[in-house]
Every structure is written in structure tokens, then in C-alpha cells.
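Read the structure below first, then the notes.
Residue numbers count from 1 along this sequence.
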Amino acid sequence: MKNIIKNMLVPACLLAVLPFMASCETDTDDNPTLRQPQAGETFTLTAPADASTTTYDLINTDTIKMTSAAPDYGYKAVLTYRVQACLDNAFAEGSYTTLTASQSYSSTVANPTIGIVGSELNTAVVDMYKAANDGAAPEAAMPVYLRVQACVEGTTAYSYSDVAQLPSVLATYVNETPVTYYLVGDFGCPNAWSSTDKSSIFYPESATVQSYTTQWVNSGNFKFWTVVGDWGTAYGAEAEDGSETGKILTNGDGAQNVKVPTVGEYYTVTIDMENMTYTWTRLGDQNPKAYTTIGLIGDFNGWGGDVAMTEIAPHNWYAAAVTFTAGGVKFRAEASWDVMDWGAGVDVATVNYGVGAKGGANITVPDGTYDVYLNDITGQFVFIAVE
């Protein structure tokens with residue numbers, strides 16, 4: 001399975017929620033004075049001893065450990081440390097990535113160990129390289145530059161280490177697109193048990209976990225497959241008993257229908273294909289808002305004349321073989337921005353699924369033809385390229 005791993009950048013330290021203690025003429029243990037770091041003032045960061053002779057295969061490296069000095073804030077406090085990475089040693093604004101992992105030490109620890117998760121650094125290096133090279137992924141080992149950002153826990157009194165270098169790292173671009181699982185059964189879609197229907201799919205939540213939310217009517221039974229019409233490889237339950245959790249089997253292993261615990265009610269069924277299990281979760285809101293129409297609108301149609309979707313099962317909408325020109329797209333209910341719209345700011349060229357929200361940024365879609373799916377309760381959507 002392939003999926004662009006997207007690196008999410010977060011602030012190095014949380015915004016202060018409490019003001020600093022005011023400076024006083026006398027600095028005592030019960031009335032400390034915060035020493036504000038001065039511009040250009042740094043503390044020492046030391047690369048691993050073998051850094052000059054090692055090529056770090058980041059995606060297969062658990063942790064890289066570096067040693068830092070403790071910045072001087074003038075009194076005993078808990079300090080939060082985060083690593084920042086850059087492809088050069090300038091660390092110009094917008095050119096570096098702050099890793100999400102943080103470590104906290106008392107300021108009395110003179111030389112804290114700073115651990116860098118290899119897979120997180122891999123993602124950061126790939127994303128920075130692609131941003132600097134028109135989307136091209138790295139293919140050879142390269143240097144990466146690191147510094148530590150420290151602050152008194154809960155403040156923005158940042159101080160920075162000097163820059164250390166890992167002369168040779170190998171960053172791997174990983175492209176994982178979740179497998180598409182189509183539902184088939186008698187749960188509300190108009191083509192019950194059809195061996196050709198592709199109108200109902202699970203919505204990915206990760207590479208291995210997917211879900212489907214609806215009002216489960218009729219028998220509330222279903223199976224699912226990756227190859228529509230291939231009953232031999234269809235998936236189902238170990239027992240057709242309406243259990244809230246259960247094992248997933250293939251038809252070849254005797255799979256039975258997956259059955260909703262209570263017919264006629266709204267549930268989310270979640271499949272975990274790594275552990276081969278399913279779970280039913282009853283919705284707290286058994287009367288979700290309903291829409292009469294939902295359509296697609298965007299650059300491909302000049303932001304007018306919504307392309308109608310069809311409600312396949314309660315609150316699940318489908319549009320087959322929609323041709324897009326490259327640009328922004330949103331979903332819209334009742335052909336009105338005042339009613340409801342769904343946007344998410346994702347690029348379908350990078351990840352083909354997401355969760356839309358009202359007022360969310362446009363979904364970017366490349367040139368091409370796609371089957372499109374939306375759940376209006378959860379906001380989940382999927383774009384499947386049509387060959």
C-alpha cells in the first residue's frame with residue numbers, strides 16, 4: 001500500500017498560558033527572575049560521536065541521540081526541548097521543520113540527551129527536499145542540519161543551540177495509498193448484493209483502518225471486497241451474530257455476513273485490516289441532519305452548476321467518473337454556501353481521502369477522472385482515480 005507520509009509542523013513550544021513572573025530587584029528562590037535569552041546567544045549541541053562516518057538510513061533508524069547543554073534562564077525550571085531540522089545551516093524563516101517530539105528536563109540537568117525519532121526526521125527531510133526541488137523526492141544521501149529549541153515549559157522564552165550536522169542521511173519517500181474496500185450487501189444501498197456495484201466504499205482513516213457510517217436498514221448485513229465481483233476473496237465476519245466486535249475472515253475461510261447489532265439505527269462500523277477485526281459504534285445522534293442534494297463545485301466547473309451526487313445509502317453520496325481539470329474543489333449541500341459545504345485543504349495527488357468541514361480550504365484535485373464519495377455525517381470523502 002502506498003501513502004504520501006505528510007509531515008505536520010507544529011510550534012516548538014506551546015503559547016504561554018500564564019504570564020512570566022515579574023522581575024524584582026532581589027532574585028530569590030520564591031521570587032525568581034526569568035532571564036530572557038539574548039539575540040544570538042546559543043548553547044552547545046553535540047552530534048553523535050560516529051556521525052562523521054555514518055550514513056543514517058532514517059526510515060530504518062529508531063532514534064538518533066545527541067547531547068545538549070542546558071540554556072541558562074536564571075533559575076531552576078522545567079525546560080522543554082524540541083529539535084529543528086534544515087537542509088542548510090542558515091535556518092532561514094520558513095526553511096526548517098520543527099519536529100513534533102519533545103523532551104523535558106529540569107534545568108539542573110547540565111547535559112540532557114536529545115533523542116530524534118528516525119522516521120519523523122525522515123518525513124521532515126523528504127518534505128523539505130520536495131519543497132525545494134519542485135516535488136522531486138530525494139534519491140541520494142545528503143547532509144542535514146539540526147538545532148535544539150528550548151524554552152521554560154509553558155512559555156515562549158525561546159533559546160537555541162548552535163547547529164550540529166549529520167553529514168550523511170538517507171531519506172526515503174514512502175507513498176502509501178490505502179486499499180479500496182467496496183461494501184456489498186442489504187444495508188440500504190439500492191443495488192443490494194450486486195456483484196458489479198462500486199457505489200459504497202469504506203472511508204480510510206489510516207493505511208489499515210477504515211470506517212463506514214450510515215443508518216443500517218433492511219437486513220443490515222454486508223460483506224466487502226477489493227475486487228468487485230470476486231466472491232472468493234470477499235471479507236466477512238467469523239459469525240453472523242450482530243456482535244459489537246468480531247474477527248474478519250475471507251470467504252475462503254468460511255466468512256459469514258457482518259451484521260449490524262440493531263437494524264434501523266445509525267452505527268459506524270470500523271475495520272482494522274492489520275488486526276483483522278471489526279467494531280460497531282452506535283451514534284449518539286440518531287437523527288442527523290439530512291440534505292436533499294449534495295454536489296461538487298470548483299475550478300473544473302467555474303464554481304457554478306454543481307455536479308450532482310447520488311445518495312447511495314443514508315447520508316452516503318456518490319458521483320461516478322467525474323472529470324476534473326486541475327484546481328480546487330468542494331462539496332456543497334442544496335447548491336448553497338449558506339447551508340453546508342465541506343473542504344479539507346488536502347491534495348488528492350498526495351492523499352486521496354480526508355475529512356471535510358464547513359469553511360475548510362479547497363480540496364486540490366489534479367487533471368483526471370474520479371469516482372467521488374462523501375459521508376455527510378462524518379465529512380469523510382474519497383477520490384478514486386478511474387483507469
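- Atom NZ of Lys358 is surrounded by more than 12 heavy atoms from other residues, nucleotides or ligands within 6.0 Å.
- With Asn362 contributing its side chain and Thr364 its backbone, the two residues share no donor-acceptor pair below 3.5 Å.
- Under a 3.5 Å cut-off, the side chain of Tyr105 and the backbone N or O of Thr113 do form a donor-acceptor pair.
- Aromatic ring centres of Trp216 and Tyr267: separated by at least 6.0 Å.
- Closest of all the heavy-atom pairs between Gln165 and Ala47 is O-CB, 3.9 Å.
- Nearest heavy-atom pair, Thr172 versus Asn122, reported as atom, atom and distance to 0.1 Å: N-OD1, 2.7 Å.
- Counting heavy atoms from C-beta on, the side chains of Leu99 and Ile116 come closer than 4.5 Å.
- Inter-residue side-chain proximity for Val228 and Ser195 is flagged as unmet; no heavy-atom pair is nearer than 4.5 Å.
- Formation of a donor-acceptor pair under 3.5 Å by the Gln210 side chain with backbone atoms of Thr208 is not found in this model.
- Residues satisfying the salt bridge (charged side-chain N to carboxylate O under 4.0 Å, His left out) criterion with Lys330, sequence neighbours excluded, are Asp341.
- Under 3.5 Å, the side chains of Ser159 and Tyr73 contain a donor-acceptor pair of N or O atoms.
- Paired with Glu153 under the rule side-chain hydrogen bond (donor to acceptor under 3.5 Å, both in side chains), one option of Ser107, Ser104, Ser102 passes, and it is Ser104.
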- Item | Thr369/Thr323 under side-chain hydrogen bond (donor to acceptor under 3.5 Å, both in side chains): CA gap, chis, key distance, verdict | CA-CA 4 Å; Thr369 301; Thr323 299; 3.0 Å; yes
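- Glu265 meets the salt bridge (charged side-chain N to carboxylate O under 4.0 Å, His left out) test with Arg282; sequence neighbours excluded.
- Counting only heavy atoms from C-beta outward, the side chains of Phe300 and Val365 never approach each other to under 4.5 Å.
- Aromatic ring pairs are classed by plane angle as parallel below 30°, tilted from 30° to 60° and perpendicular above 60°; the pair Trp280 and Phe222 is perpendicular.
- In this structure the side chain of Ile248 reaches within 4.5 angstrom of the side chain of Ile271, judged on heavy atoms.
- Residues Val322 and Tyr370 are not in side-chain contact: their nearest non-hydrogen atoms beyond the backbone lie 4.5 Å or more apart.
- Not a single donor-acceptor pair under 3.5 Å links the side chain of Asn375 to the backbone N or O of Gln380.
- Checked by atom type, the side-chain pair Trp317/Asp376 shows a donor-acceptor distance below 3.5 Å.
- Side-chain polar atoms of Thr53 and Asp50 form no donor-acceptor pair below 3.5 angstrom.
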- Determine, step by step, whether Trp342 and Ile294 satisfy the side-chain contact (heavy atoms from CB on, under 4.5 Å) criterion, reporting the C-alpha distance in whole Å, the side-chain angles of both residues, the deciding distance to 0.1 Å, and the verdict. CA-CA 10 Å; Trp342 293 265; Ile294 288 180; 3.7 Å; yes
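- Between Ser200 and Asn316, the closest side-chain pair of non-hydrogen atoms is not below 4.5 Å.
- A donor-acceptor distance shorter than 3.5 angstrom exists from the side chain of Lys223 to the backbone of Ala255, with no hydrogens or angles considered.
- Under 3.5 Å, the side chains of Asn275 and Thr277 contain no donor-acceptor pair of N or O atoms.
- A tilted orientation is assigned to the rings of Phe91 and Tyr96, their planes being inclined by 30° to 60°.
- Side-chain N/O atoms of Asp186 and Asn218 include a donor and acceptor closer than 3.5 Å.
- Between Gly295 and Asp306 the shortest heavy-atom distance is CA-CB, 4.2 Å.
- The closest side-chain donor-acceptor pair between Ser211 and Thr270, if any, does not fall under 3.5 angstrom.
- Side chain of Asp197 to backbone of Val184: no donor-acceptor contact under 3.5 angstrom is found.
- A donor and an acceptor atom, one from each side chain of Asn257 and Glu240, are located under 3.5 Å apart.
- No more than 12 heavy atoms of other residues, nucleotides or ligands lie within 6.0 Å of CG in Asn287, so this atom counts as exposed by the packing criterion.
- Not a single donor-acceptor pair under 3.5 Å links the side chain of Thr54 to the backbone N or O of Ala51.
- Residues Ser219 and Val263 share a closest heavy-atom pair of O-CG2, 3.5 Å.
- Within 6.0 Å of atom CD in Glu334, more than 12 heavy atoms from other residues, nucleotides or ligands are found, so the atom counts as buried in its surroundings.
- Between the side chain of Ser206 and the backbone N or O of Val209, at least one donor-acceptor pair lies under 3.5 Å.
- Cys189 has its side chain out of reach of Tyr318: every pair of non-hydrogen atoms, C-beta onward, lies at least 4.5 Å apart.
- The side chain to side chain contact (heavy atoms under 4.5 Å, CB included) with Asn111 is formed by just one residue from the set Thr67, Thr46, Thr44; it is Thr67.
- Taking the centre of each ring, Tyr291 and His315 stay at or above the 6.0 Å mark.
- In this pair, Tyr181 and Tyr235 present their aromatic rings perpendicular. The plane angle is above 60°, beyond the 30 to 60° band.
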- Verdict with supporting geometry, Asn60 and Asp57, side-chain contact (heavy atoms from CB on, under 4.5 Å): CA-CA 6 Å; Asn60 294 310; Asp57 182 4; 2.8 Å; yes
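- For the atom pair OG1 (Thr378) and CD (Glu205), the distance works out to 8.5 Å, reported to the nearest 0.5 Å.
- When side chains are defined from C-beta on, Val307 does not count as touching Ile297, because their heavy atoms never get closer than 4.5 Å.
- Annotation for Thr55 and Ser168: closest pair OG1-OG, 2.7 Å, computed over non-hydrogen atoms.
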- For the pair Tyr129 and Leu87, evaluate side-chain contact (heavy atoms from CB on, under 4.5 Å) and give the outcome as yes or no after the intermediate values. CA-CA 8 Å; Tyr129 187 92; Leu87 299 185; 4.3 Å; yes
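- Below 30°, between 30° and 60°, or above 60°: for Tyr203 and Tyr212 the angle between ring planes is below 30°, a parallel geometry.
- Between the side chain of Asn251 and the backbone N or O of Trp231 there is at least one donor-acceptor pair closer than 3.5 Å.
- Put simply, CZ on Phe187 and CD1 on Ile312 are 9.5 Å apart, with the number rounded to the nearest 0.5 Å.
- Checking side-chain atoms of Thr61 against main-chain N and O of Thr63 turns up no donor-acceptor pair under 3.5 Å.
- Looking at every heavy atom in both residues, Cys151 comes nearest to Tyr158 through CB-CD2, 3.9 Å.
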- Message: Using the rule given for side-chain contact (heavy atoms from CB on, under 4.5 Å), can you reason through Phe331 versus Phe381, listing the C-alpha separation, both sets of side-chain angles and the distance that settles it, and then say yes or no?
- Response: CA-CA 9 Å; Phe331 300 91; Phe381 63 84; 3.7 Å; yes
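- Between Asp347 atom CG and Asn352 atom CG the span is 11.0 Å, to the nearest 0.5 Å.
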